[in-house]
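See below for the structure under consideration.
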There are 2 protein chains.
Amino acid sequence: MLALVDTCQATATARGRLCACLEPPALGRLRAIAADERLAAGEVLFAPGQPAQSLYGVRQGAVMLVRTLGDGRRQVLSFLFPGDVFGFEPDAVHSCSAIALRRSGFCRFPLAGLDEDLQLAVRLHAVACACLAEGLEHMLRLGRMTAAERVAGFFYRLWVRLDRPAELHLPMRLLDVADHLGLRMETVCRHLAALRRAGVVGPLGPDGDLPVLDPEALRRR
Amino acid sequence: MLALVDTCQATATARGRLCACLEPPALGRLRAIAADERLAAGEVLFAPGQPAQSLYGVRQGAVMLVRTLGDGRRQVLSFLFPGDVFGFEPDAVHSCSAIALRRSGFCRFPLAGLDEDLQLAVRLHAVACACLAEGLEHMLRLGRMTAAERVAGFFYRLWVRLDRPAELHLPMRLLDVADHLGLRMETVCRHLAALRRAGVVGPLGPDGDLPVLDPEALRRR
DNA sequence: CGATACATTGAGGAGGGTCAATCCGGGTGG
DNA sequence: CCACCCGGATTGACCCTCCTCAATGTATCG
């Protein structure tokens, strides 16, 4: 079980990481309660209405959190990568679904075990704050940025999050990106095509490979 | 100092309330560290870049949290009313401004005092989760709802939040509403006019009074 | 009585949505 | 091995919602 938490530690960004900044007692508790979980691409970790009894940390792979309206409208709340923690709910019930975008592995932390150590609780709050800030940031994008800005900004942030690779391996479909950015798939595709014509990115490969040629131009929007 | 926290308790919704569900020791600590703060309409409680050293609970009045882009684009992240808690930041610096919409009073809770009691820390996390969920909800609106839905939904939620009064007293300008909903003021005004023509709301008074004639129609969108 | 601040309304334009056709690569089954 | 199919990406044409700009209304305040 030790390896579970340590894997998180190795791959995570410091900010969203649950096990960061913990001293032996809290870390020990975290290790004691962590459970392993694995999902294949497309599988659902939890769905709306299900009881929310754990937090999850992504170890490998990629996940998205999705809310769906009755009439089929979808909002992808976030894409999550190794080190990210998710599953926060104000009530004891999930309000969105978590869907693996590829074969993924998770640390599962039962909520019951998280409320009994002060340092752990404080850390938990810090991680929740990071999620909250992330959400507010995205609110600004959805409310006040143009389609071009959203698309370029999205790929820039993804590129940074994935350690600035020469080639981005998108685990999600363009439809998912569109549902994240509050746009239509066609709109995302068009703006991506514009970036390609401008020499900012290369052609999108069939397996989701996207060469990033000019990250600076992406950042500038 | 006792009265401060108790005032929160009296007026707050259970969910976002910091002092809810606390037993004497934690409640005592909360009371011990709570400080009073008052602002006139339009005054700024904190601004981006300022050190974030406290959480705040609204006691009376109304506040909005605002993020502004360099080019003047604004996103109102949330409107806050008695009982709401705000000031969560992942870093020790504020990322948005808090602006009083009218004469308002706050409980100020220094962060330093919040990290030392387990029950308090757990409660803090619960409140942060509630904020987070609120944010995700709004993300869905910004990303996937039409202007008409956003406007109607906004006034419906405000009406519920303010205890379903016959007449809504809007503390904010239409411009603020627009910047909250990712719309233009004119668009908000037009859809509000449509609701008026449909007999769902009455005419908007000069001091922000808005009779709510058919809440059910508002809820239906 | 102007001046200010905000709400309201109209006319016109643009950005993004909608619908539909086509492409493309990979899998499947004959 | 190849024809077929399928999911997703791409592109085009058209349309509608919302934005933009501008004029007008209205209440408050000096």
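So you know, we letter chains A, B, ... as the sequences are listed, proteins then strands, and number each from 1.
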For the pair [X] and [Y], name the ring-plane relationship: parallel under 30°, tilted 30 to 60°, perpendicular over 60°.
X	Y	answer
A/F46	A/H94	parallel
B/H138	B/H180	parallel
B/F86	B/Y56	parallel

### Query
Any donor-acceptor pair under 3.5 Å joining the side chain of B/E186 to the base of D/dC19?
no
### Query
Does the D/dT20 base have a donor-acceptor partner in the side chain of B/R190 within less than 3.5 Å?
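Per atom types, the contact qualifies.
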What contact category does [X] fall into here, base, sugar-phosphate, or nothing, at under 4.0 angstrom with non-hydrogen atoms?
X	answer
B/G205	nothing
A/G208	nothing
A/R196	sugar-phosphate

Rounded distance (Å) that lies between atom [atom2] of [N] and atom [atom1] of [X]:
X	N	atom1	atom2	value
A/L195	D/dT10	CG	P	12 Å
B/M185	D/dA23	CE	P	16 Å
B/E149	D/dC18	CD	C1'	14 Å
B/L181	D/dC19	CG	C1'	15 Å
A/L204	D/dT10	CG	C1'	10 Å
A/M172	D/dG8	CE	C1'	15 Å
A/R184	D/dC15	CZ	C1'	14 Å
A/L170	D/dG8	CG	P	14 Å

### Query
Salt bridge between A/E37 and A/R59, side-chain N to carboxylate O under 4.0 Å?
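Between A/R59 and A/E37 there is no salt bridge, as every charged N stays at least 4.0 Å from the carboxylate O atoms.
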### Query
Are the charged groups of A/E149 and B/R73 less than 4.0 angstrom apart, N to O?
yes
### Summary
The answer to which of B/R150 and A/R197 contacts DNA chain D further toward the 5' end, by nearest nucleotide, is A/R197
### Message
On DNA chain D, compare the nucleotides closest to B/P206 and B/A147; which residue's is nearer the 5' end?
### Response
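Upstream on the strand: B/A147.
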### Task
Using the side chain to side chain contact (heavy atoms under 4.5 Å, CB included) rule, pick out the option among A/D84, A/L101, A/L170 that qualifies with A/F79.
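The side chain to side chain contact (heavy atoms under 4.5 Å, CB included) with A/F79 is passed solely by A/L101 among A/D84, A/L101, A/L170.
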### Query
Looking at B/H191, does any N or O in its side chain come under 4.0 Å of the phosphate oxygens OP1/OP2 on D/dT17?
no
### Task
Please round to the nearest 0.5 Å and tell me the distance separating atom CG of B/D179 and atom CG of B/L174.
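That separation rounds to 11.0 Å.
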### Message
Can you work out whether B/L192 or A/T146 has the more 5'-proximal nearest nucleotide on DNA chain C?
### Response
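Closer to the 5' end of DNA chain C: B/L192.
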#### Entry: Range on DNA chain C touched by chain B - first to last nucleotide, heavy-atom distance under 4.0 Å
C/dC6 to C/dA11
